[in-house]
There are 2 protein chains.
Amino acid sequence: MKLISQLSKETGVPPGTIRFYEKSGLITGTRKAGVTTNDYRYYGDDVIDKLRFIQMAKDVGFTLNEIKEVIDAWYRKNLTKKAQIAVLNRKVQEIDEKMQELKAMKRQLAICIENVKNR
Amino acid sequence: MKLISQLSKETGVPPGTIRFYEKSGLITGTRKAGVTTNDYRYYGDDVIDKLRFIQMAKDVGFTLNEIKEVIDAWYRKNLTKKAQIAVLNRKVQEIDEKMQELKAMKRQLAICIENVKNR
DNA sequence: GTAAACTATGAAGTATACTGTATGGTTCAG
DNA sequence: CTGAACCATACAGTATACTTCATAGTTTAC
């Protein structure tokens with residue numbers, strides 16, 4: 001279990017952003033049981049996984065709300081098994097759509113590069 | 001050559017957004033030669049291509065600035081041949097990176113779906 | 001035991017990408 | 001020739017995703 005600065009170092013996500021994600025309900029830190037002198041949060045390895053997932057998802061154009069849906073389904077936030085699978089399958093489909101768009105863009109750029117070369 | 005509402009219908013991009021893109025330098029409409037009574041812009045098929053490209057690029061997480069770089073290289077905005085190809089190749093590389101991220105996300109979700117099923 | 005480093009909260013500020021509103025001129029159908 | 005539909009600009013407002021303060025308490029190294 002790590003404190004926020006350690007988590008930040010290991011993931012490259014700034015502390016302010018980590019706090020913002022926590023306030024947004026994407027990740028959760030726990031207070032150490034019995035400690036009453038401070039409000040320090042401790043983060044486990046699951047949070048590292050989540051942050052890495054968030055980074056990737058953001059980079060391919062998912063919003064934090066969309067990412068939250070996945071994380072909630074992943075960590076079964078009061079959803080039926082059926083509903084969880086439905087959410088996750090829908091995201092896989094969206095990923096496939098984005099993959100198609102990337103392929104289309106790549107084709108266009110390849111043509112464009114050829115055009116520039118043969119000028 | 002189409003007016004803005006026609007272009008909007010054919011692409012699904014709202015007129016306000018088209019104007020915003022034009023002001024941002026992503027697309028260009030032309031005034032009809034000789035017409036002095038109005039400021040109506042006319043758009044050719046290249047603008048339709050650009051708008052479709054913008055839509056795809058936005059959906060996979062490119063910013064308008066990043067998209068503008070591609071469009072400027074595409075339509076040779078005072079860049080040398082070498083510089084154009086450099087920009088376009090870099091974008092292809094970024095596309096490949098995003099593809100890798102999509103694959104990684106898909107793998108994770110597949111594992112996640114299996115976990116939910118076997119509960 | 002104190003200064004530096006770390007933690008927290010709350011609120012304000014910033015960048016991006018629109019979206020809406022106000023205003024006013026233009027075109028076109030009947 | 002007039003009213004509805006369309007075009008333009010300028011500027012204000014909104015949503016998302018942070019980022020930066022200001023403030024204050026806590027921990028740790030010396």
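Side chains included, hydrogens not; waters and symmetry mates left out as well; all remaining heavy atoms used. In the text below, chain A, chain B and the rest are named by the order of the sequence lines, each starting its count at 1.
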B/V35 or A/R41, whichever maps to the more 5' nucleotide of DNA chain C: A/R41
Atom pair distance, as rounded to whole Å: CD1 in A/I18 and C1' in C/dA8: 14 Å
A/F20 and A/L64, any side-chain heavy atoms less than 4.5 Å apart: yes
B/N38, nearest nucleotide to its side chain (from C/dT9, C/dT7, C/dT27): C/dT27
Sugar-phosphate, base or nothing in reach of B/R19, heavy atoms under 4.0 Å: base
Residue that, paired with B/Y43, satisfies side chain to side chain donor-acceptor pair (under 3.5 Å) out of B/Q6, B/K50, B/K2, B/E22: B/E22
same_hphob_cluster(B/V60, B/M99) at 4.5 Å side-chain heavy-atom cutoff: yes
Nearest-angstrom distance from the residue atom OH of A/Y42 to C1' of C/dC6: 11 Å
Value rounded to 0.5 Å, distance of CD in B/Q93 from CZ in B/R90: 9.0 Å
Earlier contact from the 5' end, DNA chain D, for B/P15 and B/K23: B/P15
Contact under 4.0 Å: B/T17 side-chain N or O vs C/dT19 OP1/OP2: yes
B/K32 NZ/CZ over B/Y42 ring centroid, <6.0 Å and within 45° of normal: yes
Protein-nucleotide distance (A/D39, atom CG; C/dC6, atom P), rounded to Å: 19 Å
Spatial distance of atom CG (A/D59) from atom CD (B/E97) [nearest 0.5 Å]: 8.0 Å
Non-hydrogen atoms of B/A104 and A/M56 that approach each other most closely: CB-SD, 3.8 Å
Atom-to-atom span, CD of A/E22 to P of C/dT9 - whole angstrom: 8 Å
Length of the CG-C1' vector between A/L3 and C/dA5, whole Å: 12 Å
Euclidean distance, atom OH of residue B/Y40 to atom P of C/dG24 [Å, nearest integer]: 16 Å
Earlier contact from the 5' end, DNA chain D, for A/T37 and A/Y21: A/Y21
Main-chain N/O of B/V70 paired to B/K91 side chain as donor or acceptor, under 3.5 Å: no
Inter-axis angle, terminal five-pair segments of the helix from C/dG1-D/dC30 to C/dG30-D/dC1 [nearest 10°]: 10°
Nucleotide C/dA12, atom P - distance to CZ of A/F20 in whole Å: 16 Å
Over-ring placement of A/K98 relative to A/F62, 6.0 Å and 45° cut-offs: yes
Span of DNA chain D, from the first to the last nucleotide whose atoms fall under 4.0 Å of chain B heavy atoms: D/dC6 to D/dT9
